[in-house]
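Every chain is numbered from 1 and lettered A, B, ... according to where its sequence line falls, protein lines coming before strand lines.
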Number of protein chains: 2
Amino acid sequence: MIEKSSVAMPGRWRKPKQARSWVRVNRMLDVAEALFVEQGYAAATTKQIAAEADVPIGTLYQFFPDKAAILEALAERYTNLLIERMQVFETPEMIELPLEDYVKRFTEGIDSFFTESPGYRATFIEINTAMPEVDQAGDDLLMQAYKRILLKLNGAFTDDDCEAIAFVMIKAVGNLVWSASGQPPEFRQRLLLEAEQLSLNYLKSYLPEA
Amino acid sequence: MIEKSSVAMPGRWRKPKQARSWVRVNRMLDVAEALFVEQGYAAATTKQIAAEADVPIGTLYQFFPDKAAILEALAERYTNLLIERMQVFETPEMIELPLEDYVKRFTEGIDSFFTESPGYRATFIEINTAMPEVDQAGDDLLMQAYKRILLKLNGAFTDDDCEAIAFVMIKAVGNLVWSASGQPPEFRQRLLLEAEQLSLNYLKSYLPEA
DNA sequence: TTTCAATGCGAGCTTCATTCATATTTTACT
DNA sequence: AGTAAAATATGAATGAAGCTCGCATTGAAA
């Protein structure tokens, strides 16, 4: 069983210690991301990534123990970005909003993150299948963030409640918005409204006063 | 864009026309399923599958155009099983149940299906990453079933409503129950209750009379 | 300057998935 | 039964991709 850690995973790739290699590593990651978006993870070869990043294959493997580690590094990058994005929703101004508005903004926030980051989709579409631990680690971080939000919304929540509600919101609602982002624009808009309704009705059952 | 079809996918594998090959094909599928559960899709090799099923590698490729087709065949098998399982929820006795009870049974039904079928998890964990079309095809079938259920619950629903609600229930709630099935028993029970609440509150907003 | 760690490099090894030419068995039809 | 066509059987060989390894070069600390 995988122990749930409260810190971000160490990351399986070797971080360069010299400046010149930093730029190469970042180039590899950027190229990899682009190729994963265009062709999918499986179709993109390590040779291709190395070639387009203009580094020899040996150098690629100097920093990434294997192909999957490249994907993990991208996942790490994105998870941090998403968590950063979520911080706005912990601010007092946000927390004091009526629940309706809060939920609406939150849903839209998540959605626009997905929409604006084509690489996110390409990355996590592979991740959640091939590397459940990594996916789990990302979700854990998101759930922690959500738990903090819940406590701010209602200090009386037990830890168990927070745990369960955060799980529901991340897995159910998060997945819904994620799935919606792959749908045609019109239907997607409708689905976002549904996601709001889903969240709102559920949260209301825990926060009746709002 | 992938067109949404209302029929089950043709299936990319060649169905045997002679009895002797049926048993071999089924043996290959059974062995593949077991290996995918034990080692995961990527780790299981076609040679291994062929060897354990006691057929030469050439024979395997006689029926399955590639490794992925084996996985698809398993997905087909399971989707049909799940849809069959869902039919109970379209019967008049079920439909007439109070919404609370209906939702409870439904949630439990889905959950026990996941629990009782270890192969389902192993199969779809690969599917939804590596072969989105297949996953989509399965979800489409489930959504169709759910749309029929919705119409029976309330004949006044528009087609758009049914489409949206079914999408939400399959993607959000389905995914939640799926995720819960990978959690420790105690937490899992709690999550199932949450899944019920989530569904119930959401459906109630569309079916106030219940 | 010396010295060692960090980085650069790419031909070649290994491990799969997949093919193909050929042999055998089953089915359909006379 | 006899025979042609279709279906099935077979496994050595091919090719593609991930990854290794020994050696060369550069950076930085002493």
Taking the minimum atom-to-atom distance to the side chain of [X], which one of [options] wins?
{"X": "B/Thr45", "options": "D/dT8, D/dG18, C/dC16", "answer": "C/dC16"}
{"X": "A/Gln62", "options": "C/dC9, D/dA9, D/dC19", "answer": "C/dC9"}
{"X": "A/Lys17", "options": "D/dG11, D/dG18, C/dT7", "answer": "C/dT7"}
{"X": "A/Tyr61", "options": "D/dG18, C/dT18, D/dG11", "answer": "D/dG18"}
{"X": "A/Phe63", "options": "D/dG11, D/dG18, C/dT7", "answer": "C/dT7"}

Euclidean distance, atom [atom1] of residue [X] to atom [atom2] of [N] [Å, nearest integer]:
{"X": "A/Asp66", "N": "D/dC19", "atom1": "CG", "atom2": "C1'", "answer": "9 Å"}
{"X": "B/Leu35", "N": "C/dC16", "atom1": "CG", "atom2": "P", "answer": "13 Å"}
{"X": "B/Lys47", "N": "D/dA13", "atom1": "NZ", "atom2": "P", "answer": "12 Å"}
{"X": "B/Gln48", "N": "C/dC16", "atom1": "CD", "atom2": "P", "answer": "9 Å"}
{"X": "B/Lys67", "N": "C/dT19", "atom1": "NZ", "atom2": "C1'", "answer": "17 Å"}
{"X": "A/Leu60", "N": "D/dC19", "atom1": "CG", "atom2": "P", "answer": "10 Å"}
{"X": "B/Phe64", "N": "C/dT19", "atom1": "CZ", "atom2": "C1'", "answer": "18 Å"}
{"X": "A/Gln18", "N": "D/dA28", "atom1": "CD", "atom2": "P", "answer": "6 Å"}

Which atom of A/Leu74 lies closest to which atom of A/Leu29, heavy atoms considered: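 Taking A/Leu74 first and A/Leu29 second, the nearest heavy atoms are CD2-O, 3.8 Å.
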How would you label the contact of B/Ala44 with the nucleic acid (heavy atoms, under 4.0 Å): base, sugar-phosphate, or nothing?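 Sugar-phosphate, backbone atoms only, no base.
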How is B/Thr46 classified with respect to the nucleic acid when contacts are heavy atoms under 4.0 Å: base, sugar-phosphate, or nothing?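 Base: the residue B/Thr46, judged by heavy atoms under 4.0 Å, touches a nucleobase.
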Look at the side-chain N and O atoms of [X] and state whether any lies under 4.0 Å from the OP1 or OP2 oxygen of [N].
{"X": "A/Arg14", "N": "C/dT7", "result": "yes"}
{"X": "A/Arg20", "N": "C/dA6", "result": "no"}
{"X": "A/Arg24", "N": "D/dT26", "result": "no"}
{"X": "A/Ser21", "N": "C/dT7", "result": "yes"}

Can you confirm whether or not the ring centre of A/Phe63 sits under 6.0 Å from the ring centre of A/Trp13?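 No - the distance between ring centres of A/Phe63 and A/Trp13 does not fall below the 6.0 Å cut-off.
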Pairing of A/Glu33 and A/Arg77 as salt bridge, 4.0 angstrom limit: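 Counted as a salt bridge, because a side-chain N and a carboxylate O are separated by less than 4.0 Å.
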Give me the ring orientation class for B/Tyr102 and B/Phe106: parallel if the planes are under 30° apart, tilted from 30 to 60°, perpendicular past 60°.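 Rings of B/Tyr102 and B/Phe106: parallel, as their planes differ by under 30°.
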5'-most by nearest nucleotide on DNA chain C - A/Pro16 or B/Ala42: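 First, find each residue's nearest nucleotide; the 5'-ward one identifies A/Pro16.
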May I ask you to decide if A/Glu76's main-chain N or O and A/Thr79's side chain share a donor-acceptor pair within less than 3.5 Å?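 Judged by distance alone, no pair lies under 3.5 Å.
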